[in-house]
Amino acid sequence: QVQLVESGGGLVQPGGSLRLSCAASGSISRIYFMGWYRQRPGKERELVASISSDGNTNYVDSVKGRFTISRDNAKNMVYLQMDGLKPEDTAVFYCYAQITLREVQHLNNYWGQGTQVTVSS
């Protein structure tokens, strides 16, 4: 089975930076769409940034110019570089990926367990 594991979260001051990483492992045939979601306290989970297999990226308006998503297909990893962090960015960040397996050529959705990002002075 596929597993997504996030890392890189932590406590940072406003204006600081963090780099999140997500590693996918398992009997992976191909990874298509990948993205980072965040869930802020008392709010719905939202898609923050996404990247297609062709490298096309999209961002929610609130993070444009501050966050950068990237991927390394050879390593089955996706990253989120977060600069100029604001208190309202405080959330649990989740890695998401659409993946086909070697054994079964079905497109499936996978989620990481989440990593906490706290922006506070």
Side-chain angles (χ1 to χ4, degrees):
Q1 187 57 258
V2 171
Q3 180 176 245
L4 302 182
V5 179
E6 303 100 334
S7 62
L11 175 64
V12 65
Q13 295 183 8
S17 298
L18 285 173
R19 181 177 173 85
L20 305 183
S21 299
C22 175
S25 61
S27 299
I28 298 171
S29 177
R30 184 175 179 180
I31 302 178
Y32 296 85
F33 178 94
M34 302 186 79
W36 288 94
Y37 287 74
R38 71 182 177 191
Q39 187 161 22
R40 292 175 285 182
K43 297 185 178 181
E44 297 180 349
R45 187 177 299 184
E46 65 175 343
L47 179 62
V48 175
S50 65
I51 184 167
S52 71
S53 58
D54 294 329
N56 293 320
T57 59
N58 285 284
Y59 302 91
V60 68
D61 287 342
S62 62
V63 309
K64 287 182 178 178
R66 299 190 297 122
F67 291 9
T68 303
I69 189 171
S70 61
R71 63 191 288 172
D72 187 330
N73 293 327
K75 296 181 179 179
N76 290 334
M77 295 192 70
V78 63
Y79 308 91
L80 185 66
Q81 177 67 43
M82 303 185 294
D83 300 317
L85 284 163
K86 304 175 181 180
E88 51 263 44
D89 294 321
T90 295
V92 177
F93 281 73
Y94 297 90
C95 178
Y96 168 85
Q98 294 178 335
I99 300 173
T100 55
L101 306 180
R102 297 192 190 101
E103 296 84 1
V104 183
Q105 291 300 304
H106 295 160
L107 183 62
N108 297 310
N109 303 315
Y110 296 93
W111 292 89
Q113 295 180 334
T115 184
Q116 177 70 49
V117 172
T118 302
V119 184
S120 177
S121 60

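Note that the coordinates shown come from a computational prediction; the quantities given were computed from them, not determined experimentally.
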Q.
In this structure, would Tyr79 and Leu4 fall into the same cluster of hydrophobic residues linked by side-chain contacts under 4.5 Å?
A. no
(Q) Between Lys64 and Asp61 (salt bridge meaning N to carboxylate O under 4.0 Å), is one present in this structure? (A) yes
(Q) Please evaluate residues Gln81 and Leu18 with respect to the criterion side chain to side chain contact (heavy atoms under 4.5 Å, CB included), reporting the C-alpha separation (whole Å), side-chain torsions for both, the decisive distance (0.1 Å), and the verdict. (A) CA-CA 6 Å; Gln81 177 67 43; Leu18 285 173; over 6 Å; no
Q) Is there any side-chain hydrogen bond (donor to acceptor under 3.5 Å, both in side chains) pair reaching into residues 5-21, and which pairs are they, with sequence neighbours excluded? A) Ser17-Asp83
**Q.** Test side-chain hydrogen bond (donor to acceptor under 3.5 Å, both in side chains) applied to Gln105 - qualifying residues, sequence neighbours left out
**A.** none
Q: Check ring-ring contact (aromatic ring centres under 6.0 Å, His included) between Phe67 and all other residues, then give those that pass, not counting sequence neighbours.
A: none
**Q.** Min side-chain heavy-atom separation Arg66-Met82 under 4.5 Å
**A.** no
Q | Cluster overlap Leu80 with Leu85, hydrophobic side-chain contacts below 4.5 Å | A | yes
Q: Compare all side-chain heavy atoms of Val117 with those of Leu20 and state whether any distance is below 4.5 angstrom.
A: yes
**Q.** Note, Ile51 side chain near Val78 side chain (heavy atom, < 4.5 Å)
**A.** yes
Q) Can you check whether Val2 reaches Leu101 side chain to side chain, under 4.5 Å on heavy atoms? A) yes
(Q) Check for me whether the distance between the ring centres of Tyr96 and Trp111 falls short of 6.0 Å. (A) yes
(Q) Could you tell me if the side chain of Ser53 sits less than 4.5 Å from the side chain of Phe33, heavy atoms only? (A) no
**Q.** Cluster overlap Val92 with Ile69, hydrophobic side-chain contacts below 4.5 Å
**A.** no
Q) Taking a hydrophobic cluster as the set of Ile, Leu, Val, Met, Phe, Trp and Tyr residues connected by side-chain heavy atoms closer than 4.5 Å, whether directly or through intermediates, do Ile99 and Tyr37 fall within one such cluster? A) no
Q. Do Glu46 and Gln39 have side-chain heavy atoms sitting under 4.5 Å apart?
A. no
Q | Over 12 foreign heavy atoms within 6.0 Å of CD, Gln113 | A | no
Q: Please list, chain by chain and in numerical order, all residues satisfying side-chain hydrogen bond (donor to acceptor under 3.5 Å, both in side chains) with Lys43, sequence neighbours excluded.
A: none
Q | Rounded distance [0.5 Å steps], CG in Asp89 versus OG in Ser120 | A | 12.5 Å
Q | Side-chain donor-acceptor contact under 3.5 Å, Gln98 with Tyr110 | A | no
Q) With a distance cut-off below 6.0 Å to the six-membered ring centre and an angular limit of 45° from the axis, does Arg45 pair with Tyr94 as a cation-pi contact? A) yes
Q | Within-4.5 Å side-chain heavy-atom neighbours: Leu47 and Val60 | A | no
Q | Under 3.5 Å donor-acceptor, Asp72 side chain and Ala74 backbone | A | yes
Q.
Tell me which pairs pass disulfide (SG to SG under 2.5 Å) where either residue lies in residues 25-121, with sequence neighbours left out.
A. Cys22-Cys95
**Q.** Main-chain N/O of Thr90 paired with Arg38 side-chain donor or acceptor, under 3.5 Å
**A.** no
Q: Could you walk me through whether Asn76 and Ile28 pass side chain to side chain contact (heavy atoms under 4.5 Å, CB included), step by step?
A: CA-CA 9 Å; Asn76 290 334; Ile28 298 171; 3.9 Å; yes
Q.
Quick test of your reading: applying side-chain hydrogen bond (donor to acceptor under 3.5 Å, both in side chains), list the pairs with at least one residue in residues 24-33, sequence neighbours left out, ordered by first then second residue.
A. Ser27-Glu103
